[in-house]
Amino acid sequence: MALSDKIYLGIDPGPVNTGWCARGVIDGDSFLSCGVFDPRATGDVIMSAETMWHELHKSIPERKEWTIHSAAIERFVSYKGVLTNNVEDTCFFIGSLTFLLRSKGIKTTLARAITWKPKVCSSLHLTKGFENPSPKLDKRFSMAAASCISGASSFKERPFKTDHEADAIGLSYFAEHFT
């Protein structure tokens, strides 16, 4: 296995839309697979981690050997101290994902948005000349950063289903460069 045959995962969990991204290089070819998963789909939030794992794993090409090197999952935090009815399920889901990935030997980091987004923004600026189109690290930032990371010249070239999918791409970059 070549040193570059590594996959980096990014997961942006949400109570309805969980964005995921598997990104890296396999056999010298760039690889990017993303999707959105509804953790409620199985009826059991804890078992949803296993279902999402199978969906994500099927998206990775069956070529040569590769390894999932590391993963970054966005940590859930309440916004402005407001806790919703979905908080407990979202936290269970994150815990299940973390346990699942770590039990497979995948180095897994939990990162808050206020931690990973500035690091990704700064790194993309220094390495690719990325300019944040927004004064904040918001959805516009996420979409633009995902386009930059994925190699798309604009969001229109590679439309992402949700900002959760775009954040998952940013988290996969964070997993590669900061874990």
Report task. Could you go through the side-chain hydrogen bond (donor to acceptor under 3.5 Å, both in side chains) check for Thr108 and Thr98 one step at a time? Result -> CA-CA 7 Å; Thr108 304; Thr98 303; over 6 Å; no
Query raised in the report: When you look at Glu74 and Arg112, which way does the side-chain contact (heavy atoms from CB on, under 4.5 Å) test go after all the steps?
Result: CA-CA 6 Å; Glu74 186 169 286; Arg112 295 180 353 174; over 6 Å; no
Query raised in the report: Side chains of Ser70 and Thr179: donor-acceptor distance under 3.5 Å anywhere?
Result: yes
Between [X] and [Y], is there a side-chain N and carboxylate O pair less than 4.0 Å apart?
| X | Y | answer |
| --- | --- | --- |
| Lys6 | Glu176 | no |
| Lys117 | Asp167 | yes |
| Asp138 | Arg140 | no |

Report task. Not counting sequence neighbours, which residues clear side chain to side chain contact (heavy atoms under 4.5 Å, CB included) with Asn132? List them please. Result -> Cys121, Phe130, Ser134, Leu137, Phe141
Query raised in the report: Is there side-chain contact between Phe93 and Phe37, with heavy atoms separated by less than 4.5 Å?
Result: yes
Query raised in the report: Side chains of Ile94 and Arg75: closer than 4.5 Å at any heavy-atom pair?
Result: no
Query raised in the report: Leu110 and Val87: same hydrophobic cluster, using ILVMFWY side-chain contacts below 4.5 Å?
Result: yes
Query raised in the report: More than 12 non-hydrogen atoms from neighbouring residues, nucleotides or ligands closer than 6.0 Å to NZ on Lys139, yes or no?
Result: no
[atom1]/[X] to [atom2]/[Y] distance, rounded to the nearest 0.5 angstrom?
| X | Y | atom1 | atom2 | value |
| --- | --- | --- | --- | --- |
| Cys21 | Ile11 | SG | CD1 | 10.0 Å |
| Met143 | Cys148 | CE | SG | 15.0 Å |
| Thr109 | Trp116 | OG1 | CH2 | 13.5 Å |
| Phe99 | Glu50 | CZ | CD | 10.5 Å |
| Ile68 | Lys107 | CD1 | NZ | 14.5 Å |
| Tyr8 | Ser172 | OH | OG | 10.5 Å |

If you compare all heavy atoms of [X] against all heavy atoms of [Y], which two are closest, and at what distance to 0.1 Å?
| X | Y | answer |
| --- | --- | --- |
| Trp20 | Ser33 | CZ3-O, 3.5 Å |
| Val36 | Glu55 | O-OE2, 4.1 Å |
| Lys128 | Ile149 | NZ-O, 4.4 Å |
| Ala175 | Ala72 | CB-N, 3.7 Å |
| Arg23 | Ile169 | NE-O, 4.4 Å |
| Asn86 | Pro15 | CB-CB, 3.5 Å |

Judged by atom type as modelled, is there a donor-acceptor pair below 3.5 Å linking the side chain of [X] to the main-chain atoms of [Y]?
| X | Y | answer |
| --- | --- | --- |
| Ser123 | Val120 | no |
| Thr67 | His69 | no |
| Ser122 | Pro118 | no |
| Ser150 | Ser147 | yes |

Report summary line: With Leu9 as partner, the option from Leu97, Ile73, Leu101 fulfilling side-chain contact (heavy atoms from CB on, under 4.5 Å) is Leu101
Query raised in the report: Between His164 and Thr18, does a side-chain contact (heavy atoms from CB on, under 4.5 Å) hold up when you go through it step by step?
Result: CA-CA 6 Å; His164 292 284; Thr18 292; over 6 Å; no
